[in-house]
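The residues of the chain are indexed from 1 along the displayed sequence. All figures in this text were calculated on a predicted structure; none of them were measured in a lab.
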Amino acid sequence: MHNKPNVLCFCFICMVCMIQAQPIKLHPKNPHYLQYKGKPILLISSAEHYGAVINTDFDYKKYLQTMKKEGMNYTRIFTGSYVEIPGSFGIENNTLAPNTGSFLAPWKRTEEPGLYPGENKFDLNQWESRYFERLKDFMKEAQQLDIIVELTFFCATYQDSYWERHPFNPGNTINGLTQTDRKKSNTAENGLLTKYQKALVEKIARELNEFDNLFYEIQNEPWSDDPKDAIRTLKTVNITVQDWIKWAHTASQASLEWQESIAKHLADTEQQLPKKHLIAQNYVNFKHAIPEVSPHVDILNFHYAWPEAVWMNYGWNKPINFDESGFSDSGDTTYLQQAWQFMLAGGAIFNNLDYSFTVGSENGKAKNKAPGGGSTYFREKLTFLKKFLEGFDFIRMQPDLHLIAHAPGLEWQALAEAGKQYAIFFAGPKSSWAKIKLPAGTYTYSFFDPFSGQFISEGTVEGGKQTANIDFPAFSEMIALKLLLKK
């Protein structure tokens with residue numbers, strides 16, 4: 001008799017451990033969001049330029065500790081199947097462009113000189129143990145700090161100068177590769193290369209299967225590899241900007257076929273392993289109505305995403321990820337507004353590409369010349385966004401495109417559980433009021449300042465009329481509104 005409570009307690013502890021031992025997954029009650037350790041989680045972060053593991057000069061432990069201290073819970077890394085060169089994209093201090101001798105890839109180097117000055121060729125049949133030791137230690141450190149890691153297997157190469165250093169360039173291997181067109185390396189037309197790519201996917205999947213703080217991405221920006229077959233879906237009115245900003249390209253059919261084969265191989269590999277991890281696919285910049293999603297894909301990734309990217313793809317019932325920001329300016333306000341707009345539109349993940357993290361400034365305090373922002377100040381502001389959203393039972397909410405009847409001069413996004421709770425974000429010049437459509441009832445409202453992280457005014461409003469008027473307090477550039485049905 002006296003042993004029964006102990007047995008029940010032991011069983012309860014075991015059940016809790018089983019929940020906590022699962023990798024991050026789709027939330028069972030709302031698959032537009034994620035669950036980790038049995039609880040809903042929003043991934044909102046400003047993280048380094050993906051070179052934390054492959055750049056041996058980078059102190060990733062200091063970096064991860066800084067991320068944890070400043071409230072960031074998500075980072076993204078590349079595997080070393082792609083690397084940049086100093087000066088890439090105009091970045092002065094680029095973690096993804098290691099110094100000669102500091103580029104650590106998954107494969108052993110030979111004694112034979114490669115194409116890039118000072119670096120030897122790879123043998124794609126031999127794994128580099130130091131790489132996997134560093135990768136696993138990075139994952140272990142991140143897991144202890146509750147930081148989720150997105151591991152991206154492959155990446156478009158962009159320029160011939162980057163191809164000179166690339167591990168898949170036939171001139172940088174001893175394995176008889178024949179595909180010399182960098183644009184074909186991540187497509188179904190890459191010759192022998194797919195065999196080695198699948199071997200890398202399988203090796204990493206096996207090495208990292210134990211980790212719960214992990215999801216995978218097939219390829220970064222696949223539309224850049226084979227643009228001749230791309231579909232142009234977006235045109236801006238400003239013809240003075242860079243050409244790529246005028247259009248949203250999708251990947252070619254050869255790229256999509258290859259991505260599907262990689263995703264399937266990853267899923268098949270994990271079928272033989274204890275844990276199953278989510279797979280993300282990167283589709284397009286800005287916005288696009290995705291016509292087809294692989295059954296192996298769990299997360300839909302966009303870069304430089306507009307809020308419409310969420311609305312246009314909400315019917316897929318999957319988390320939507322603003323996977324990379326940048327190329328707007330070097331200030332923080334632009335990217336803060338992007339984060340609020342995307343997450344209040346129903347996004348699940350936001351990642352700012354943060355150039356304040358560099359070799360020697362793993363504390364995120366560097367003043368870097370780069371096509372984007374990032375700072376301690378900005379990361380603090382992102383924690384305010386997370387705090388605001390976590391003040392709701394957001395799993396019960398979804399985008400509401402009809403809530404605001406009129407908000408002169410303002411853009412807005414809203415999440416709602418109709419008749420119960422509403423989260424609304426406004427951006428634009430100073431405005432004095434908005435008209436809102438609410439079901440019958442009395443609602444308390446409070447305005448939230450994204451810059452200070454404080455609620456700044458409050459009141460009540462009656463629903464059930466045609467529209468209800470809410471007066472704004474003084475604000476600059478952006479403000480958020482919380483509405484709750486009064487009990």
Side-chain angles (χ1 to χ4, degrees), residues 48-63 77-138 151-186 190 192-193 196-197 199-200 203-204 220-221 224-225 353 355 357-362 366 368-371:
E48 65 87 27
H49 191 204
Y50 322 140
V53 172
I54 71 171
N55 189 334
T56 58
D57 293 333
F58 189 76
D59 184 348
Y60 60 80
K61 291 191 176 183
K62 184 175 182 180
Y63 162 68
I77 57 173
F78 283 7
T79 61
S81 65
Y82 165 85
V83 65
E84 292 178 356
I85 61 175
S88 301
F89 298 106
I91 307 169
E92 189 171 71
N93 297 304
N94 183 359
T95 57
L96 199 54
N99 290 328
T100 300
S102 299
F103 171 31
L104 182 63
W107 306 277
K108 282 187 177 293
R109 291 188 184 269
T110 67
E111 298 298 318
E112 187 177 342
L115 299 176
Y116 192 75
E119 293 184 347
N120 290 348
K121 292 183 178 182
F122 294 100
D123 182 351
L124 301 182
N125 287 318
Q126 293 195 64
W127 302 118
E128 174 52 71
S129 61
R130 293 184 301 118
Y131 169 85
F132 291 98
E133 290 167 5
R134 184 174 170 92
L135 174 62
K136 293 177 76 172
D137 192 59
F138 177 91
L151 184 146
T152 300
F153 284 110
F154 306 103
C155 181
T157 308
Y158 305 107
Q159 296 181 21
D160 291 340
S161 58
Y162 303 173
W163 184 238
E164 185 183 20
R165 198 181 192 185
H166 203 292
F168 294 158
N169 187 322
N172 289 327
T173 76
I174 63 167
N175 304 101
L177 299 181
T178 57
Q179 180 52 263
T180 58
D181 184 352
R182 61 176 173 82
K183 296 179 181 181
K184 300 292 186 183
S185 62
N186 294 324
N190 68 6
L192 300 174
L193 183 53
Y196 294 105
Q197 291 168 326
L200 176 64
K203 173 68 172 175
I204 288 178
N220 181 67
E221 301 188 345
S224 294
D225 271 341
L353 183 44
Y355 295 104
F357 290 108
T358 66
V359 171
S361 293
E362 290 86 352
N368 199 358
K369 181 182 177 182

Modelled atom types, side-chain donor and acceptor of Q197 and N186, under 3.5 Å
yes

* Asked: Does the side chain of Y355 come under 3.5 Å of the side chain of E92 through a donor N or O and an acceptor N or O?
  ->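 Distance-only check fails for Y355 and E92.
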
Pairwise side-chain contact, [X] with [Y], heavy-atom cut-off 4.5 Å (strictly under):
X    : Y    : answer
T173 : P167 : no
L193 : K184 : no
N175 : L192 : no
I204 : F132 : yes
L135 : L151 : yes

- Task: Tell me, please, which residues at least two apart from T358 pass side-chain hydrogen bond (donor to acceptor under 3.5 Å, both in side chains).
- Result: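 Counting only residues at least two positions away or on another chain, T358 forms no side-chain hydrogen bond (donor to acceptor under 3.5 Å, both in side chains).
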
A quick test of your reading: do over 12 heavy atoms of other residues, nucleotides or ligands sit less than 6.0 Å from NZ of K62?
yes

Look only at the side chain of [X] and the backbone of [Y], and say whether a donor-acceptor pair between them is shorter than 3.5 Å.
X    : Y    : answer
H166 : S161 : no
N55  : T95  : yes
N93  : N368 : no
R165 : Y116 : no
Y131 : G80  : no
N172 : L115 : yes
T110 : K121 : yes
N169 : G171 : yes

**Asked** Does Y162 have its ring centroid less than 6.0 Å away from the ring centroid of F89?
**Response**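 Yes, the ring of Y162 comes within the 6.0 Å limit of the ring of F89, centre to centre.
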
On a heavy-atom basis, which atom in [X] and which in [Y] lie closest, and how many Å separate them?
X    : Y    : result
N99  : E119 : O-OE2, 4.4 Å
T79  : F153 : OG1-O, 2.8 Å
K183 : D225 : CB-O, 2.6 Å
S88  : E84  : OG-CB, 3.3 Å

**Message:** So if I apply the ring-ring contact (aromatic ring centres under 6.0 Å, His included) rule between F168 and each of F122, W163, W107, Y82, which one comes out positive?
**Reply:**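 That would be W107; it is the only one of F122, W163, W107, Y82 passing the ring-ring contact (aromatic ring centres under 6.0 Å, His included) with F168.
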
For E133, the salt bridge (Lys or Arg N to Asp or Glu O under 4.0 Å) test, sequence neighbours excluded, returns none

* **Derivation of the side chain to side chain contact (heavy atoms under 4.5 Å, CB included) call for D59 and E362** => CA-CA 6 Å; D59 184 348; E362 290 86 352; 3.7 Å; yes

